[in-house]
Amino acid sequence: MNNAAQNGATTLVIGAGPAGLTAALELSRTSSPCIVLESDGVVGGISRTVEHNGYRFDIGGHRFYTKLSVIQDLWREVLGDDFLTRPRLSRIYYNNGFFDYPLKAGNVLGHLGFLEAAFCVASYCKARMFPRVPEDCLEDWVVNRFGHRLYTMFFKSYTEKVWGISCREIHSAWAAQRIRGLSLLSAARAAIFHSSRPAAKSLIHEFHYPRHGPGMLWNRVAAMVRGNGGEVRLNSPVTRVHWTPGGVTGVEAGGRYYPAGHVLSTMPIRDLIRILHPAPPGYLSEAASLFHYRDFLTVALILRVRDAFPDNWIYVHDPSVKVGRIQNFKNWSPEMVPSDEFTCLGMEYFCFEADSLWSMSDEQLIRLAGEELGKLGLCAGAVVVDGAVVRTPKAYPVYDATYRRGLEAVRRFLAQTPNLQCIGRNGMHHYNNQDHSMLTGLLAARNILGANYDLWKVNSDEEYLEDDIVITRDELEALRETQPQVPVKRDW
Ligand SMILES: Cc1cc2nc3c(=O)[nH]c(=O)nc-3n(C[C@H](O)[C@H](O)[C@H](O)COP(=O)(O)OP(=O)(O)OC[C@H]3O[C@@H](n4cnc5c(N)ncnc54)[C@H](O)[C@@H]3O)c2cc1C
């Protein structure tokens with residue numbers, strides 16, 4: 001990699017989310033000049049913590065779980081005693097009842113009844129005997145592994161709420177990345193025998209969480225970057241990225257031009273393509289329209305109630321309400337609320353910016369969320385005393401029929417523009433959690449310092465072949481390991 005940083009040229013990082021701040025921290029630790037330009041007034045990106053009248057909540061509850069020791073070590077280093085270990089309880093609300101999650105055989109049977117359970121087994125056997133080939137879409141992938149009946153009950157409605165499109169339109173690559181290795185037998189084994197094998201990702205019963213939410217981590221990392229001599233500039237949206245054949249030369253943000261030795265971009269790929277100046281080659285400009293996103297609304301409800309329900313979060317499969325998931329933030333950390341007499345729930349709605357839901361006023365959304373809570377019978381009698389709404393555009397990069405073509409075009413351009421690296425979740429249109437978003441930032445920074453990592457292999461099915469201290473063999477294996485072993489992957 002062109003090593004401008006060693007010559008003192010500044011690295012510009014677009015976005016102060018986990019990927020951008022991790023990259024900046026790594027660069028600042030080696031005294032490489034870097035400036036983070038963030039459009040928002042706070043750091044953390046989708047992993048920020050919102051504060052409202054003393055209550056704290058996440059954009060979707062953010063579990064801290066990773067198999068990457070380099071990331072785990074960083075979390076521990078930054079958070080110290082504020083890195084809490086919290087018990088996990090999450091259930092599925094379906095058909096007027098609660099199903100334990102991870103699934104437990106007795107609990108499932110109690111709700112479904114033996115006849116329905118027998119139908120599920122028959123449907124599973126049929127799927128195994130007559131699998132759908134080829135497995136083009138998510139529906140095929142799940143039906144082949146669980147049968148149509150379980151797919152309909154535990155997968156279809158929630159997944160379609162999340163993505164807003166039919167499971168037939170979602171590429172099977174999504175399943176391959178997020179729920180690969182899953183089988184009905186392993187789910188049943190875990191449910192019935194409480195398997196003594198090491199817990200798979202979704203079966204863990206506790207997780208780490210910062211005392212004041214994920215924003216606590218990112219505020220501290222930003223302070224560390226500044227302490228090391230780097231800059232983090234808020235309210236500085238990047239509106240242009242200047243390039244010439246062979247490399248980027250600078251960016252415009254807040255009416256100012258910043259010359260660049262390197263640029264690391266965590267902004268959504270579609271937006272990045274559209275602000276390249278001059279306009280990029282036709283093949284790349286046309287690729288911008290191949291990337292699609294799902295947007296996300298958090299309606300925080302403050303209730304005068306001490307113990308609303310014991311879960312950290314509840315998945316709502318019931319199609320009669322729009323809410324997809326409900327977080328109870330005081331169960332994530334007791335210090336997310338200023339007084340134990342109150343509860344702060346995060347009612348989560350998956351939608352598109354064009355939907356009427358998105359453009360409802362905050363008051364209307366708070367009213368809707370309160371009504372839906374009542375309809376579900378949760379927190380009966382509790383009074384909603386306050387509320388807040390946060391709209392998060394492009395919360396989810398969508399894996400549809402076109403995004404792979406888009407990525408090919410982007411990678412072609414990046415190969416010819418070596419001082420521009422795309423990192424993170426929307427930056428790579430890759431469905432990364434914090435840990436993998438951070439890892440791409442870390443490796444990109446090391447590339448600037450002289451290494452040669454292929455960031456596109458992080459959190460992918462391809463083997464990561466670099467032999468380097470950053471990724472040990474075990475960590476490499478972790479990148480390739482299966483994730484949950486239950487019929488529904490719902491940590492999105
Ligand atoms: C509902 C939900 C739940 C999640 N739960 C978990 C979880 O439990 N555990 C977990 O580890 N991860 C979770 N994640 C994933 C996690 O949020 C992401 O992996 C992580 O935030 C991605 O980091 P990033 O830096 O790549 O991008 P982002 O967090 O999106 O940050 C990008 C930053 O770039 C800024 N930006 C964009 N455009 C510009 C511009 N033009 N100029 C300047 N700045 C710009 C944005 O304002 C933002 O601050 C969840 C995500 C969602 C949506």
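All ligand and atom numbering here is 1-based and tracks the order in the structure. Scope of the values below: all heavy atoms of this structure, side chains included, with no hydrogens, waters or symmetry mates. On a predicted model such as this, the values are computed, not experimentally measured, just so you know.
A perpendicular orientation is assigned to the rings of His242 and His277, their planes being inclined by more than 60° (bins at 30° and 60°).
Only one option out of Trp332, Phe64, Phe83 pairs with His208 in a ring pair (Phe, Tyr, Trp, His ring centres under 6.0 Å); it is Phe83.
With a heavy-atom cut-off of 4.0 Å, Val238 touches ligand 1 through backbone and side chain alike. With a heavy-atom cut-off of 4.0 Å, Arg325 touches ligand 1 through its side chain alone. Here Tyr396 has side-chain heavy atoms under 4.0 Å from ligand 1, and that is the only part of it that gets that close. Counting heavy atoms closer than 4.0 Å to ligand 1, residue Phe64 contributes nothing at all. Counting heavy atoms under 4.0 Å from ligand 1, residue Thr392 does not touch it at all. At a heavy-atom cutoff of 4.0 Å, ligand 1 is contacted by both the backbone and the side chain of Ala19. With a 4.0 Å cut-off on non-hydrogen atoms, Ile423 does not touch ligand 1 at all.
Comparing Arg294, His62, Glu38, Arg48 by heavy-atom distance to atom 17 (O) of ligand 1, the nearest is His62.
Interface of Ile59 with ligand 1, defined as ligand atoms under 4.0 Å from a residue heavy atom, comprises 1 (C), 2 (C), 3 (C). Under a 4.0 Å criterion applied to the non-hydrogen atoms of Phe296, ligand 1 contributes the atoms 1 (C). Atoms of ligand 1 lying under 4.0 Å from at least one heavy atom of Gln434, given by number and element, are 10 (C), 11 (O), 12 (N), 19 (O). Close approach of ligand 1 to Pro18 is summarised as follows: ligand atoms under 4.0 Å from at least one heavy atom of the residue are 20 (C), 21 (O), 23 (O), 24 (P), 25 (O), 29 (O). Under a 4.0 Å criterion applied to the non-hydrogen atoms of Gly45, ligand 1 contributes the atoms 29 (O), 31 (O), 48 (C), 49 (O). For ligand 1 and Ala395, the ligand atoms under 4.0 Å from any heavy atom of the residue are 53 (C). Residue contact check: Arg63 has heavy atoms under 4.0 Å from atoms 7 (C), 8 (O), 9 (N), 10 (C), 11 (O) of ligand 1. Of all atoms in ligand 1, listed by their number and element, those nearer than 4.0 Å to a heavy atom of Met267 are 37 (C), 38 (N), 39 (C), 41 (N).
Judged by a 6.0 Å distance limit and a 45° cone about the ring axis, Arg91 is positioned over the six-membered ring of Phe98. For the pair Arg294 and Phe352, the cation sits on the ring face: its NZ or CZ lies under 6.0 Å from the ring centre, inside 45° of the axis. A cation-pi arrangement is absent between Lys322 and Tyr349, since the terminal nitrogen or guanidinium carbon is not both under 6.0 Å from the aromatic centre and inside a 45° cone about the axis. Within the cation-pi definition used here (under 6.0 Å to the ring centroid, within 45° of the axis), Arg256 qualifies as a partner of Tyr258.
The distance from atom OG of Ser265 to atom CG of Leu37, rounded to the nearest 0.5 Å, is 11.0 Å. The line from OG of Ser90 to OH of Tyr315 is 5.0 Å long, rounded to the nearest 0.5 Å. Between Met428 atom CE and Asn459 atom CG the span is 9.5 Å, to the nearest 0.5 Å.
Between Gly61 and ligand 1, at least one N/O pair is under 3.5 Å apart. Close N/O approach between Pro237 and ligand 1 is not found [any backbone or side-chain N/O within under 3.5 Å]. Residue Asn426 places no N or O, backbone or side chain, under 3.5 Å from any N or O of ligand 1. Polar contact with ligand 1: present for Arg425 (N/O pair, distance under 3.5 Å).
Within the structure, ligand 1 lacks Gly427 among the residues with a heavy atom less than 4.0 angstrom away. Residue Asn432 places a heavy atom under 4.0 Å from ligand 1.
For Phe350 and Phe296, the ring centers sit closer than 6.0 Å to each other.
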(request) Show your working on side chain to side chain donor-acceptor pair (under 3.5 Å) between Trp243 and Gln416 and close with a plain yes or no. (result) CA-CA 11 Å; Trp243 72 286; Gln416 296 154 8; over 6 Å; no
(message) For a side chain to side chain donor-acceptor pair (under 3.5 Å) check, start with the C-alpha distance between Gln421 and Asn447, then their side-chain angles and the critical distance, and finish with the verdict.
(response) CA-CA 9 Å; Gln421 296 182 81; Asn447 282 345; 3.0 Å; yes
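Other residues, nucleotides and ligands contribute over 12 non-hydrogen atoms within 6.0 Å of the CG atom of Asp73.
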